Amino acid sequence: MAVADRSRSRDPACLPRVIRRLFRPFSKSAHDAAQSAPGVGLGLALSRRLARALGGDLRLDENGPLGASFSLTIPFA
């Protein structure tokens, strides 16, 4: 089963330095946290870990000027 979130965020495209740590837990710096929505940087890390535990994956598909899109793939049992 595959699910893609193609909704566009209000944020511009992620910078390369941000993409490298996108799925790392607690990856928000103090500066990033002050400039963005609330959160500590766990959502994508936990989601990817859960997807991989189920034999699937969560990945960044697209990163453009209108935001990012992600795909979640999980195999049927």
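Fair warning: this is a prediction, and the values are worked out from it, not measured in the lab.
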Q: Please lay out, stage by stage, how F70 and L58 fare under the test side-chain contact (heavy atoms from CB on, under 4.5 Å).
A: CA-CA 7 Å; F70 297 85; L58 176 66; 4.2 Å; yes
Q: Taking all atoms of both residues into account, what is the closest heavy-atom pair of A45 and P25, and its distance?
A: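 Heavy-atom minimum between the residues: CB-N, 3.6 Å.
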Q: Only counting residues at least two apart or in another chain, list the ones meeting side-chain contact (heavy atoms from CB on, under 4.5 Å) with L46.
A: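 Per chain and number, L46 pairs via side-chain contact (heavy atoms from CB on, under 4.5 Å) with L42.
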Q: My understanding is that only residues two or more places apart in sequence, or in another chain, count here; which of them pass side-chain hydrogen bond (donor to acceptor under 3.5 Å, both in side chains) with R49?
A: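 Applying side-chain hydrogen bond (donor to acceptor under 3.5 Å, both in side chains) to R49 gives none.
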Q: With R52, which residues qualify under salt bridge (charged side-chain N to carboxylate O under 4.0 Å, His left out), at least two apart?
A: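 Only D57 meet the salt bridge (charged side-chain N to carboxylate O under 4.0 Å, His left out) criterion with R52.
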Q: Quick one: closest heavy-atom pair of A51 and L72, and the distance?
A: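 Taking A51 first and L72 second, the nearest heavy atoms are CB-CD1, 3.6 Å.
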Q: With a 4.5 Å limit on heavy-atom distance, are the side chains of T73 and R59 in contact?
A: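 Yes, their side chains come closer than 4.5 Å.
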